[in-house]
Amino acid sequence: MAKNEFDEFDLLRGAKVPTPGDDAKARGLDAALRAYDEVGKENSASPQGSGAGARLTAGTIRFWREIMRKKLIANPALAGLVALPVAGTVTWQLLDEYRPASSQEPAAVENDAPQRQAAETRVSQPAKEEAAGQASDQATQDMAAEIAAAPPSPADGMTPSSTVLTRQKMAEPRVMPMPSAAPQVIAPEPYPVAAENRDRVEAFDSNPVRTVQESPVSTFSIDVDTASYAFVRRSLKEGVVPDPDSVRVEEMINYFPYDWAGPDSAEVPFNSTVTVMPTPWNENTRLMHVAIKGYEIEHAQKPRSNLVFLIDTSGSMEGPDKLPLLKNSFRMLVDRLGPEDTVSIVTYAGSAGTVLEPTKASDKAGILSALDRLEAGGSTAGEAGIREAYRLAESSFVEGGVNRVMLATDGDFNVGQVSDDELTTLIENKRESGVFLSVLGFGRGNLNDQMMQAIAQNGNGAAAYIDTLAEAEKVLVEEASSTLFPIAGDVKIQVEFNPQRIAEYRLIGYETRALNREDFNNDRVDAGEIGSGHSVTAIYEITPMGSPARMVDDLRYGQQSDSAAPTAGDGEYAFVRIRYKAPGEDTSKLIEKPVNEADVISSFDAASNDARFSVAVAAFGQKLRDTDAVADFGYDRIQEIASAARGADPFGYRAEFLSLVRLAAVLDRSR
């Protein structure tokens, strides 16, 4: 509609909304429903009564009536409008707003006749489906789900300022009586309250800024988990800002595949690349970007696998995003295994039980049949299940191969040793046998992310969260090598900063992976693993000496630095040490790398696509954690950086990230 063109609703926008009485509400509802019935008569293939007719399915007509009843009665302003002689127009707008997303039409022209014609076309389609006998009450429920997910479209002649209907979640449709000559107004039923969210995440503080004079050394264990990113993605897609403690920035960064330079041979299992670049959110600091790439094992070199699927079949696993998704996920992994690999299946619900003894993957039909028979029910005997799974893994142990328990659960361990500390101790003791453990989380509302992280880290495994089959394919198919085949264990990183060049630093993420300085050289201290072809990225924000960005003042009585005093590596920014153990070995090896001017680039745009994209993800994770450093760095800038650095995106992961940034921006503005 042209800007100055008359709109019939202009008379109402500036007017005070009348408060209708019960009689006006009843007459308005009666008028709207009768207008709706007249529409049905015009579109009916054959004359029908006011009950379930051929023009719409019985379920659909109940569905529309329930919407109209709830909306017209629950909204006093709308009831007042309906009481005016515009019932037909409001009814058409109501039908137009709540049509299924799959049946949306191009924007209607501004005169009323074409708008009615477009609406009639939409009403006639369900009538054809009823005539063919294809509609059912289940289809009606599916339609309700579509409508709840689809936002109102302003393309249908209704701008946000002129839309008089507001979307609310609907209760399940029920049969409504036809209005009588003196219709009664029924108070709207309360909408169902969401189930209590019992997800458990570990609370932690973001890494602080540290002064090089007081704490020149930073030590942490590498982390290849990706659960946090998938959990954040699901929250945002459900319209919920994620809990800051569910956001582990390093897991978000390392969710994406990067093309870092890898090692030339398996003798040194990984290569490190360090880049110092300007910080996009602070012109007075720099980012020190550390990228590690693991050696990729050729398919012919891959060792045999001995896998035990430890599957939670308790009552809490009934949802479609839990046990059914779990079974389909493991089906994809089974398809990936070689004929000499073995699979066992243990379930736990009330008590643990062996569903499938160690079976060669060549008997794929037998393995898949065992998976298909699984059903949810009972309480969760987590401890007993873990013990039984380890027993089976040890009974079919493969020397020099992959021996791993793969725990799939929503994290509810409510029978047996329930504390995370006790479970961690059990897992620590079992890993000494050479059997490792990975965790796959499923579902929402009952997820024990804290427990998953604890036992995965102490079981020399990874934690992933699977919310879709696409994520299952990523974790269990595309990244199966890095998930199953470790090339280096107990990998630790230690960075020493040069006080002549760097005043302060802050490690972005890795809060739950921090180690003491003395842990670096202690081979008894457990750390993370790097799998075949896997990459790990860590980013520091560093403040050069003399920068106005310094956050911490010098101590009045502390030891003052002498900028003129020569030191070893005087021109270096930092010194990076990486310690690791080769598979099957107990003594660690050391890789060292100085960071100097050769590693510095003067422009952020001069960095590689992968480096810039990983920085955008780091900024996004910090934004979701409400980190002070990026408080003034907008989502628009994050999207701008990520879009420019998207590069090759064969699986669409980076495109999906861009959509999450947009969602977060909208949700953040609405808070």
Using salt bridge (Lys or Arg N to Asp or Glu O under 4.0 Å) as the criterion, point out the one residue from Asp449, Asp225, Asp243 that pairs with Arg248.
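Result: among Asp449, Asp225, Asp243, Asp449 is the only option passing the salt bridge (Lys or Arg N to Asp or Glu O under 4.0 Å) with Arg248.
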Under 6.0 Å from the ring centre and within 45 degrees of the ring axis: does the NZ or CZ of [X] meet both conditions for the six-membered ring of [Y]?
{"X": "Lys474", "Y": "Tyr653", "answer": "yes"}
{"X": "Arg625", "Y": "Phe204", "answer": "yes"}
{"X": "Arg404", "Y": "Phe436", "answer": "no"}
{"X": "Lys492", "Y": "Tyr580", "answer": "no"}

salt_bridge(Arg286, Glu541) N-O dist < 4.0 Å
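No, Arg286 and Glu541 are not salt-bridged.
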SB check Asp628 Arg506 (cutoff 4.0 Å):
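No, Asp628 and Arg506 are not salt-bridged.
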Main-chain N/O of [Y] paired to [X] side chain as donor or acceptor, under 3.5 Å:
{"X": "Gln622", "Y": "Ala618", "value": "yes"}
{"X": "Lys581", "Y": "Val491", "value": "no"}
{"X": "Ser659", "Y": "Glu656", "value": "yes"}
{"X": "Glu251", "Y": "Ser228", "value": "yes"}
{"X": "Asp599", "Y": "Asn596", "value": "yes"}
{"X": "Arg577", "Y": "Leu590", "value": "no"}

Given side-chain hydrogen bond (donor to acceptor under 3.5 Å, both in side chains), test Trp260 with Thr537 step by step and report yes or no.
CA-CA 10 Å; Trp260 311 131; Thr537 302; 3.1 Å; yes
Contacts of Tyr505 that satisfy ring pair (Phe, Tyr, Trp, His ring centres under 6.0 Å) - sequence neighbours left out:
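With neighbours one apart ignored, the set is Phe497.
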For His534, give me all partners under ring pair (Phe, Tyr, Trp, His ring centres under 6.0 Å), at least two apart in sequence or on another chain.
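Partners of His534 by the ring pair (Phe, Tyr, Trp, His ring centres under 6.0 Å) criterion come out as none, since no residue qualifies.
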Ring pair (Phe, Tyr, Trp, His ring centres under 6.0 Å), that's the test. Do Phe613 and Phe256 meet it? Break it down for me.
CA-CA 9 Å; Phe613 189 86; Phe256 299 90; 5.1 Å; yes
May I have the step-by-step check of side chain to side chain contact (heavy atoms under 4.5 Å, CB included) for Val439 and Met451, ending in yes or no?
CA-CA 10 Å; Val439 186; Met451 181 277 298; 5.8 Å; no
With the side chain counted from C-beta on, respond yes when Val276 and Ile601 share a heavy-atom pair under 4.5 Å apart, and no when they do not.
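With C-beta onward as the side chain, the pair stays apart.
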Would one find more than 12 heavy atoms of other residues, nucleotides or ligands at under 6.0 Å from atom CG of Asn521?
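Result for CG/Asn521: enclosed.
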Determine whether the aromatic ring centres of residues Phe657 and Tyr255 are separated by less than 6.0 angstrom.
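Aromatic pair excluded; centres sit 6.0 Å or further apart.
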Looking at Phe220 and Leu507, what are the two nearest heavy atoms and their distance?
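So the two residues come closest at CD2-CD2, 3.6 Å.
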Residue list, salt bridge (charged side-chain N to carboxylate O under 4.0 Å, His left out) with Asp668, at least two apart or on another chain
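Partners of Asp668 under the salt bridge (charged side-chain N to carboxylate O under 4.0 Å, His left out) test: Arg671.
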